[in-house]
Amino acid sequence: MNGCSFRVAVFSGLKMFSGVPPVHLMWSNMFDPKRPKVQKAVDWKRLGRLFLPYWKQEAIVISCITLVALLGLLPPMLTMNLIDKAIPSGNFQSVLIIVGIMALSAVGSAAISALQGYMNSFVGESIMRDLRLQLMTHMHKMPLDFFTSTKTGEVINRVTNDVDSIDGLVSGTLVMILINIAVIITTLITIFFLDWRLSLMSLAVLPIMVGPLWPVGRRMYEIRKATREKRDEMQAIGQETLSVSGIVLLKSFNRETFEYDRYNKLGTELMKSEIKLAMVGRWFMALISAMVTLGPACIWLYGGWLCIHSGITVGMVVTFVSLLGRLYTPVASLAGVQIQIMSALAVFERIFDYLDMEEEKDDANSPKLKADAGEIRFDHVSFAYPNGRQAIVDVSFRVKPGQMAALVGPSGAGKTTISMLLPRFYVQQEGTITIDGQDVREVGLSSLRENIGIVTQETYLFHDTIFNNLVYARPTATREEVIAACKAANINSLCDPDSTTRPSSTTKMRSAWTIVESL
Ligand SMILES: Nc1ncnc2c1ncn2[C@@H]1O[C@H](COP(=O)(O)OP(=O)(O)OP(=O)(O)O)[C@@H](O)[C@H]1O
Ligand SMILES: [Mg+2]
């Protein structure tokens, strides 16, 4: 039954490719989501480059796998010796020696497997860390437009779930393939070396044994995928309705019943999927159990005939039967692995696609902004959002150094848009924007933003201490500077930079903190 548990483990480790949830989100569908499309062929070189830095550990993994595959051949071979020679000869000492070697090989193989497991996890998790970091850093460099036009849930889904879903491939599946191939090759060589007739018989039985597992595996995969999609949808609803703005909207429009129905429908579908999965799993187990008995039965039949008529030994037949497991189990695992690889590759494409999106342009050679006086000029500026919405048309104004200017206008007039153009979160199509005579398009992005303090309409505090939130804009700020800024923002009575308690979340206070931050 050894083979049986291994086979199931392989299938239950099947990681699904997380599709974009096809859910219609209520509040985030305002703008056309600009989703990257996956069209490219798999970039094997790029995939390989992820593994390259860890070639030394990978070499150790491969050596361990080969060693364990070879050691695994010892017990069946020794069994043959035991049955055909040691026991019939009546020499208990040889029995002891053979059993001793068997035990040693089992212990050795377990130790080597442990080392291989460690190295394998090291490589897999290192690659995952590299990929997560690369993706997150890249996301932070994406232009604002990307975030306004993509569902938040989707971006987070990619950065977390997508990456997680290839973890299985990187740290499990690939090594599983190598192990199976090593076991198959070593076993094939051994059985043909032992007896070619029984070997041919074993190979002939192979399709009968492995064949039925394939459609069942596929069915399991499909149900799992459906289950995953339902979970994604439920997660998306949770993310939207449980956010502060979402819950306020839900409550103010009395949408509790609607949300109840929606969640109930999804929950019931998920429940049905899970039951189906459990049932297919049960059939699958039954099938495997039947196969595990049927394969050896065929070998016993033919082997028994050969024993009687052709003079091969009983030990040989026993060895063959135990070697069978080393042949069928890996073949069955490899039959199901293609789906895992294909789905993981699809996710890799999605990730690479994200990594290939153009980052916010920041030319390192651009001159730095020199803001001495701080005069701001908008000169015949027009701007349309990437979706074509014309937000401002031919706007000109001047804010004198030190002047306090306010933009007043109805909702949707373009006030926020104007404030976004100055730090170049967006770039206008027409006209020029200058700070002290320097065009904001021509100065370095970081120097531009360093010189602009932004207090957003919706203040946002990171889940950190007051002090760390206060110095977010300028990590080098001293304690004295922070206190001075607090005084300037008129919140010094609330401000204890040493406090480790988290910031209070009343809106007024949050705004005050943000002002301090920007100061
Ligand atoms: N990311 C975006 N993509 C497309 N259109 C947008 C985007 N953000 C705003 N708009 C549109 O641009 C116009 C100006 O919006 P803006 O947010 O600048 O107005 P506002 O004056 O700040 O309004 P409010 O007083 O409501 O904050 C509106 O018609 C708005 O629908
Ligand atoms: Mg606004």
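For the single chain, residues carry numbers from 1 onward in sequence order. For ligands, and for the atoms within them, numbers begin at 1 and follow the listed sequence.
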Is the closest N or O pair between Ala391 and ligand 1 shorter than 3.5 Å?
-> no

Give a yes/no verdict on whether any heavy atom in Tyr426 is under 4.0 Å from an atom of ligand 1.
-> yes

contact_flag Gly409 ligand 1 heavy-atom lt 4.0 Å = no

Proximal ligand 1 atoms for [X], defined as those under 4.0 Å from one of its heavy atoms:
X      : answer
Thr417 : 14 (C), 15 (O), 16 (P), 18 (O)
Asn387 : 4 (C)
Gly414 : 14 (C), 16 (P), 18 (O), 19 (O), 20 (P), 21 (O)

Any donor-acceptor pair under 3.5 Å from Asn180 side chain to Met176 backbone | yes

Could you grab the distance from atom [atom1] of [X] to atom [atom2] of [Y], nearest 0.5 Å is fine?
X      : Y      : atom1 : atom2 : answer
Glu58  : Asn120 : CD    : CG    : 9.5 Å
Ser252 : Ile247 : OG    : CD1   : 10.0 Å
Leu369 : Asn451 : CG    : CG    : 5.0 Å

Anything under 30° is parallel, anything over 60° is perpendicular, the rest tilted; go ahead and classify Tyr385 against Phe383.
-> perpendicular

For atom 14 (C) of ligand 1, which candidate among Ser419, Gly388, Gly412 holds the nearest heavy atom?
-> Gly412

Pick whichever of Phe147, Tyr385, Phe383 has a heavy atom sitting closest to atom 4 (C) of ligand 1.
-> Tyr385

Sorted by first residue and then second, give each side-chain hydrogen bond (donor to acceptor under 3.5 Å, both in side chains) pair with at least one member in residues 419-438; sequence neighbours left out.
-> Thr148-Tyr426

Looking at Phe425 versus Phe147, is the centre-to-centre ring distance below 6.0 Å?
-> no

Which part of Arg389 is near ligand 1, with near meaning a heavy atom under 4.0 Å away: side chain, backbone, both or neither?
-> side chain

Would you say Thr416 has an N, O or S atom lying under 2.8 Å from the Mg ion (ligand 2)?
-> yes

